Amino acid sequence: MNPTNAFVENLDREPLTKHEMAARVARDIPHGSYVNLGIGQPTLVADHLPAGSGVVLHTENGMLNMGPAAQEGQVDPDLTNAGKVPVTELPGAAYFHHADSFAMMRGGHLDVCVLGAFQVSAAGDLANWHTGAADAIPAVGGAMDLAIGAKRVFVMMTLFAKDGTPKLVPRCTYPLTGLGCVDRVYTEFATFRVGPGGVTVLETFGITYDNLAQRLDVPLSLPDGS
């Protein structure tokens with residue numbers, strides 16, 4: 001895990017791929033945590049948890065101790081994550097009703113959840129269920145329950161939208177999922193800490209801190225406060 005008092009500028013490499021982002025998230029999940037992985041990119045984190053991590057994966061469709069994605073020859077149509085992706089089970093896996101799964105989420109029993117996002121604000125507000133467009137299909141799912149129920153919320157997303165606009169913003173303009181709930185934001189260009197103190201850059205990939213600051217509309221700081 002990158003120490004919170006150190007800034008790392010990785011200029012000798014390209015921006016991270018989706019799997020490299022997932023590996024970066026997996027590295028920051030504390031040993032023995034109970035974790036929910038949101039639909040989309042966050043599901044890749046399951047494939048990068050090291051052996052012996054002690055991490056127990058929970059899915060909102062009613063499975064505990066989920067394993068990595070199923071490979072050819074391992075697919076069981078009854079074993080899927082919340083995104084309907086075939087998965088494996090680890091020893092001790094358990095299954096239960098949706099209502100029990102959501103009770104775990106809402107009851108504060110999850111240590112970390114990893115979610116995708118359309119926008120995250122400097123204060124840690126999350127918008128990930130609707131872009132506000134008239135023809136968009138809203139998809140709340142369990143994100144609101146996870147955003148308020150998990151002890152820590154990590155967001156895994158691309159830093160810029162297809163039109164080049166930043167997704168890390170001063171204030172969310174899309175409908176909100178949760179207020180002040182996000183702790184960390186993992187992107188292909190940088191890892192950020194967000195919250196009441198604003199945006200702190202912990203690490204960059206293939207871009208300098210100064211260039212990153214020029215491309216974003218939010219004030220940035222370093223872990224040492226500079």
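A quick note: this is a predicted structure, and the numbers were derived from the prediction, not measured. When reading the values below, keep in mind they use all heavy atoms of this one structure, side chains included, and skip hydrogens, waters and symmetry mates.
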S.K.: From M66 CE over to T88 OG1, what is the distance, rounded to the nearest 0.5 angstrom?
M.R.: 8.0 Å
S.K.: Under a single-linkage definition using a 4.5 Å side-chain heavy-atom cutoff for Ile, Leu, Val, Met, Phe, Trp and Tyr, are L212 and V218 assigned to the same hydrophobic cluster?
M.R.: yes
S.K.: Between NZ of K167 and SG of C172, what distance do you get to the nearest 0.5 Å?
M.R.: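 Between atom NZ of K167 and atom SG of C172 there are 12.0 Å.
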S.K.: Remaining members of L179's ILVMFWY cluster at a side-chain heavy-atom cut-off under 4.5 Å?
M.R.: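 Same cluster as L179: L176.
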S.K.: Go through the structure and list residues passing ring-ring contact (aromatic ring centres under 6.0 Å, His included) with Y186, not counting sequence neighbours.
M.R.: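 Scan of Y186 (ring-ring contact (aromatic ring centres under 6.0 Å, His included), adjacent residues dropped) gives F154.
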S.K.: Kindly indicate whether the side chain of E9, heavy atoms from C-beta on, has any atom under 4.5 Å from the side chain of Y209.
M.R.: yes
S.K.: Looking at V153, is its backbone amide N or carbonyl O close enough to the side chain of D183 to form a donor-acceptor pair, meaning the two atoms are under 3.5 Å apart?
M.R.: yes
S.K.: Considering residues at least two apart in sequence or located in another chain, which fulfil the ring-ring contact (aromatic ring centres under 6.0 Å, His included) criterion with F160?
M.R.: F189
S.K.: Evaluate the side-chain proximity of M63 to V87: yes if any heavy-atom separation is below 4.5 Å, no if none is.
M.R.: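 Yes, close enough: below the 4.5 Å cut-off.
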S.K.: So H58 and S101, do their side chains get closer than 4.5 Å, heavy atoms only?
M.R.: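 With C-beta onward as the side chain, the pair touches.
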S.K.: Is there any salt bridge (charged side-chain N to carboxylate O under 4.0 Å, His left out) pair reaching into residues 110-135, and which pairs are they, with sequence neighbours excluded?
M.R.: D111-K151
S.K.: Measure across A147 and L126 and return the closest heavy-atom pair with its distance rounded to 0.1 Å.
M.R.: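 That closest heavy-atom pairing would be CB-CD2, 4.3 Å.
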S.K.: Write out all pairs satisfying salt bridge (charged side-chain N to carboxylate O under 4.0 Å, His left out) with one or both partners inside residues 82-100, taking only residues at least two apart or from two chains.
M.R.: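 Passing the test, one end in residues 82-100: no pairs.
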S.K.: Please determine whether side-chain contact (heavy atoms from CB on, under 4.5 Å) holds for the pair Y34 and L57, giving the CA-CA distance in whole Å, both sets of side-chain angles, and the decisive distance to 0.1 Å.
M.R.: CA-CA 6 Å; Y34 285 81; L57 295 179; over 6 Å; no
S.K.: Report the distance from atom CG of L37 to atom CD1 of I39, rounding to the nearest 0.5 Å.
M.R.: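 So the gap between those two atoms works out to 11.5 Å.
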S.K.: State plainly whether the residues R184 and D28 are in salt-bridge range, i.e. N to O under 4.0 Å.
M.R.: yes
S.K.: Please report the shortest heavy-atom distance between S33 and P30, naming the atom on each side.
M.R.: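 S33 and P30 have their closest heavy atoms at OG-O, 2.8 Å.
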S.K.: For K18, enumerate each residue passing the salt bridge (charged side-chain N to carboxylate O under 4.0 Å, His left out) test, keeping only those at least two apart in sequence or located in another chain.
M.R.: none
S.K.: If every non-hydrogen atom of N211 is compared with every non-hydrogen atom of I207, which pair is closest and at what distance?
M.R.: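 For N211 versus I207, the nearest heavy atoms are CB-CG1, 3.7 Å.
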S.K.: Restricting to side chain to side chain donor-acceptor pair (under 3.5 Å), what partner residues turn up for D76, sequence neighbours left out?
M.R.: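 Expected list: none.
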S.K.: With H98, which residues qualify under ring-ring contact (aromatic ring centres under 6.0 Å, His included), at least two apart?
M.R.: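 H98 satisfies ring-ring contact (aromatic ring centres under 6.0 Å, His included) with no residue once adjacent residues are dropped.
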S.K.: If you round to the nearest 0.5 Å, how far is CG of L110 from CG of N36?
M.R.: 6.0 Å
S.K.: Could you tell me how the ring of F118 sits relative to the ring of Y174: parallel (under 30°), tilted (30 to 60°) or perpendicular (over 60°)?
M.R.: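 Correct class here is perpendicular.
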S.K.: For the residue pair N61 / T59, report whether a side-chain donor-acceptor contact shorter than 3.5 Å exists.
M.R.: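 A donor-acceptor contact under 3.5 Å links the two side chains.
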S.K.: Please tell me whether L44 and L79 are part of a single hydrophobic cluster in this structure, the criterion being side-chain heavy atoms less than 4.5 Å apart.
M.R.: no
S.K.: Are L16 and V25 connected into the same hydrophobic cluster when the rule is that any two of I, L, V, M, F, W, Y join if their side-chain heavy atoms are below 4.5 Å apart?
M.R.: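 Same hydrophobic cluster.
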S.K.: Do L115 and M156 come close enough that some side-chain heavy atom pair is under 4.5 Å?
M.R.: no
S.K.: Calculate, to the nearest 0.5 Å, the distance between atoms OG1 and CD belonging to T158 and E188 respectively.
M.R.: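 Reported to 0.5 Å precision, the distance equals 5.5 Å.
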S.K.: Would you check if there is a donor-acceptor pair between the side chains of T173 and Q119 at a distance under 3.5 Å?
M.R.: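 Yes, a side-chain donor-acceptor pair sits under 3.5 Å.
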S.K.: Among residues at least two apart in sequence or on other chains, which ones pass side-chain contact (heavy atoms from CB on, under 4.5 Å) with A26?
M.R.: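 Expected list: V45, H48, L49.
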S.K.: Under 4.5 Å between side-chain heavy atoms, counting indirect links through other Ile/Leu/Val/Met/Phe/Trp/Tyr residues: same cluster for V199 and L159 or not?
M.R.: yes
S.K.: Looking only at heavy atoms, which two atoms of V155 and A117 are closest? And how far apart?
M.R.: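 Smallest interatomic distance, heavy atoms only, reads CG1-CB, 3.7 Å.
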S.K.: Within the structure provided, determine whether P223 and L202 are in side-chain contact (heavy-atom separation under 4.5 Å).
M.R.: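 The answer is yes, as the side chains (C-beta and beyond) meet within the 4.5 Å cut-off.
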S.K.: Among all residues two or more places apart in sequence or in another chain, which pass the side-chain contact (heavy atoms from CB on, under 4.5 Å) test with A213?
M.R.: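 By the side-chain contact (heavy atoms from CB on, under 4.5 Å) rule, A213 matches L220.
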S.K.: List, by chain and number, the other hydrophobic cluster members for L90, where Ile, Leu, Val, Met, Phe, Trp and Tyr join if side-chain heavy atoms come within less than 4.5 Å, directly or indirectly.
M.R.: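 Its cluster partners, ordered by chain and number, are none at all.
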S.K.: Is there side-chain contact between M157 and Q41, with at least one heavy-atom pair below 4.5 Å?
M.R.: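 They are not in contact (no side-chain heavy atoms under 4.5 Å apart), so the answer is no.
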S.K.: For E14, is the CD atom crowded, meaning more than 12 foreign heavy atoms sit under 6.0 Å from it?
M.R.: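 No.
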S.K.: Does any donor atom in the side chain of H31 or S53 lie under 3.5 Å from an acceptor atom in the other side chain?
M.R.: no
S.K.: Under the side-chain contact (heavy atoms from CB on, under 4.5 Å) test, which residues partner M144, sequence neighbours left out?
M.R.: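 M144 satisfies side-chain contact (heavy atoms from CB on, under 4.5 Å) with W129, V140, T177 only.
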S.K.: Of all the heavy-atom pairs spanning P175 and A127, show the shortest one and how long it is.
M.R.: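 In terms of heavy atoms, the two residues are closest at O-CB, 3.4 Å.
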S.K.: Would you check if L168 and V194 make a side-chain contact, meaning some heavy-atom pair closer than 4.5 Å?
M.R.: yes
S.K.: Are V56 and L146 in one and the same hydrophobic cluster, where Ile, Leu, Val, Met, Phe, Trp and Tyr link if side-chain heavy atoms are under 4.5 Å apart?
M.R.: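 Same cluster.
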S.K.: Show the numbers, then the answer: is there a side-chain contact (heavy atoms from CB on, under 4.5 Å) between V201 and F7?
M.R.: CA-CA 7 Å; V201 184; F7 166 68; 3.7 Å; yes
S.K.: Measure from the side-chain N and O atoms of D47 to the backbone N and O of A69, and report whether any donor-acceptor pair falls under 3.5 Å.
M.R.: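 Yes.
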S.K.: What heavy-atom pair brings G116 and P42 nearest, and what distance separates the two atoms?
M.R.: N-CG, 3.6 Å
S.K.: With no hydrogens and no angle check, is any side-chain donor or acceptor of D217 less than 3.5 Å from a backbone partner on V169?
M.R.: no
S.K.: Determine, for E203 against R27, whether the closest basic-nitrogen to carboxylate-oxygen distance falls under 4.0 angstrom.
M.R.: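 Yes, this pair counts.
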S.K.: Contact between T200 and F192 at the side-chain level, heavy atoms closer than 4.5 Å - yes or no?
M.R.: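 The answer is no; the side chains never approach within 4.5 Å.
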